[in-house]
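Data block below; observations after.
Here is the naming used below: chain letters follow the sequence lines, and residue numbers restart at 1 for every chain.
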Protein chains: 2
Amino acid sequence: MKRISESTVGRLSLYLRILKEYAGGATISSEELAGAAGTSAAQVRKDLSLFGTFGKRGLGYSVPELTGELRGILGLGQEWRVALVGAGRIGQALFGYQDFRTQGFYIQAVFDSDASKVGERWNGTVVRADEELERVLATEAIDIVIVAVPAPAAQSVVDRVVAAGVRAILNFAPTRIEVPAGVALKNVNMAVELEGLSYALANERANDRRGRAG
Amino acid sequence: MKRISESTVGRLSLYLRILKEYAGGATISSEELAGAAGTSAAQVRKDLSLFGTFGKRGLGYSVPELTGELRGILGLGQEWRVALVGAGRIGQALFGYQDFRTQGFYIQAVFDSDASKVGERWNGTVVRADEELERVLATEAIDIVIVAVPAPAAQSVVDRVVAAGVRAILNFAPTRIEVPAGVALKNVNMAVELEGLSYALANERANDRRGRAG
DNA sequence: AGGTGTGAACACTTTCACAGCA
DNA sequence: TGCTGTGAAAGTGTTCACACCT
């Protein structure tokens with residue numbers, strides 16, 4: 001299959017959420033889907049056409065059928081086993097965000113290097129010691145690791161996790177992480193987003209001063 | 001000034017973080033900066049050249065000077081006043097993440113609609129009632145609002161905040177938000193990131209099955 | 001020589017516009 | 001007729017390659 005861009009995959013994720021909440025009938029047009037997703041009808045059709053022919057000309061897309069296709073494309077037909085490294089504030093918030101579970105992402109293990117946290121029970125899941133990481137990743141057959149440790153510790157956690165064979169990492173530490181080819185890495189970095197907003201504000205003000213023409 | 005892409009702004013943010021930690025001398029070349037940022041030297045030079053001429057040919061960029069320029073470009077020379085709407089788990093984690101403050105982002109107010117939370121003191125900041133939102137946004141001269149409420153409530157919070165004159169919003173609710181032109185919106189959506197990883201894993205496996213050639 | 005700044009080439013993504021099927 | 005699927009066109013972002021300055 002042809003290479004698919006990250007923006008396309010992100011939109012598929014969005015389309016799926018829209019379909020789940022759609023109450024407009026058994027079929028939906030690219031136009032409607034685009035409206036809800038904030039993109040263009042052509043973009044919707046192009047995105048979907050990269051994976052197959054799901055629509056009916058003159059009619060649109062069957063909502064249940066397209067939902068199923070998108071779930072399949074995104075790999076949501078199966079259960080993913082997730083481990084969380086870092087039981088600090090962010091780790092706790094993520095653990096508590098149980099929406100994940102309904103999407104098929106199950107947090108099977110939590111790790112922390114702080115001895116005072118190890119042994120805590122979080123809703124039935126025990127916080128384990130850092131040293132158990134490699135062993136538990138293997139025994140629990142973990143697919144995805146969420147890294148929620150302080151920035152200086154992040155790369156070494158990632159190196160260990162990758163060495164243990166994990167191929168997908170979601171990084172919350174505000175630092176750049178290196179992974180070898182073949183490992184999927186996504187970053188969630190609030191500092192970058194805030195600085196993006198700062199840039200927008202600073203620049204908007206500059207534009208205002210200049211006379212708001214542009 | 002010419003329109004700058006979001007990816008460029010994101011990279012500037014990254015360059016700035018690298019410069020802060022740089023211990024290699026008083027100047028840095030585009031090559032070194034690119035290595036640390038995981039991009040190409042040409043990309044670094046192009047990004048910077050969009051804003052001015054900061055380097056010296058044959059030498060590279062002065063670290064303190066470039067740091068200052070980047071801070072200026074990103075609007076980090078000033079203090080930004082931030083409000084947090086939603087005092088749940090994510091809100092608490094964000095509030096606790098005090099790195100923000102060192103970057104010039106100050107959380108001045110916290111809001112929640114849950115009466116049992118209102119009145120709590122968070123490290124000196126009182127959780128206020130939802131009804132006070134508009135009044136406090138004005139009296140506290142809030143620049144940026146972080147939305148950390150459940151998905152169904154997010155759009156209405158954003159509408160109120162925009163009506164109150166706020167021009168920059170960071171949304172953590174896992175839903176698509178509409179804002180009028182002129183309002184900057186950034187989304188942090190863990191569901192989309194996880195589904196991106198799911199896609200990568202599902203697809204990698206497909207490639208493996210196919211023989212790993214491609 | 002060393003390393004920036006930048007037009008031009010290239011690659012990728014989005015939009016257009018329309019043929020073709022239900 | 002209505003709406004999809006898709007080549008071609010337009011637009012955007014990245015890489016190349018080299019003139020030019022220190």
Measuring from the side chain of [X] (C-beta onward, heavy atoms only), which nucleotide among [options] has the closest atom?
X	options	value
B:Ser5	C:dT6, D:dG13, C:dT4	D:dG13
B:Arg11	D:dT6, C:dG5, D:dT14	D:dT14
A:Gln43	C:dT14, C:dG5, C:dA8	C:dT14

Original post:
Is the closest side-chain heavy-atom distance between B:Leu48 and B:Leu66 below 4.5 Å?
Top reply: yes
Subject >> A:Glu193 and A:Asn189 side chains, donor-acceptor separation under 3.5 Å >> reply: no
**OP:** Could you tell me whether the side chains of A:Glu69 and A:Tyr61 share a donor-acceptor contact shorter than 3.5 Å?
**Re:** no
Original post:
Is there a donor and acceptor pair closer than 3.5 Å between the side chain of B:Arg57 and the base of D:dT22?
Top reply: no
How many Å lie between [atom1] on [X] and [atom2] on [N], as a whole number?
X	N	atom1	atom2	value
B:Glu6	C:dT14	CD	C1'	16 Å
A:Leu48	D:dC3	CG	C1'	13 Å
A:Ile28	D:dT4	CD1	C1'	14 Å
B:Glu31	C:dG2	CD	C1'	12 Å
A:Phe51	D:dT4	CZ	P	18 Å
A:Leu50	C:dT14	CG	C1'	12 Å
A:Lys46	D:dA9	NZ	P	13 Å
A:Lys56	C:dG20	NZ	C1'	16 Å

For [N], does OP1 or OP2 lie under 4.0 Å from any side-chain N or O of [X]?
X	N	answer
A:Tyr61	D:dG5	yes
A:Ser30	D:dC3	no
B:Ser7	D:dG13	no

**OP:** For A:Phe54 and for B:Leu59, find the nucleotide of DNA chain D with the closest heavy atom, then tell me which residue's nucleotide is more 5'.
**Re:** A:Phe54
Subject >> Donor-acceptor contact below 3.5 Å, side chain A:Ser198 vs main chain B:Leu74 >> reply: yes
Subject >> Main-chain N/O of A:Ala36 paired with B:Arg176 side-chain donor or acceptor, under 3.5 Å >> reply: yes
Original post:
Nearest nucleotide by nearest heavy atom, which residue falls closer to the 5' end of DNA chain C, A:Gly58 or A:Arg45?
Top reply: A:Arg45
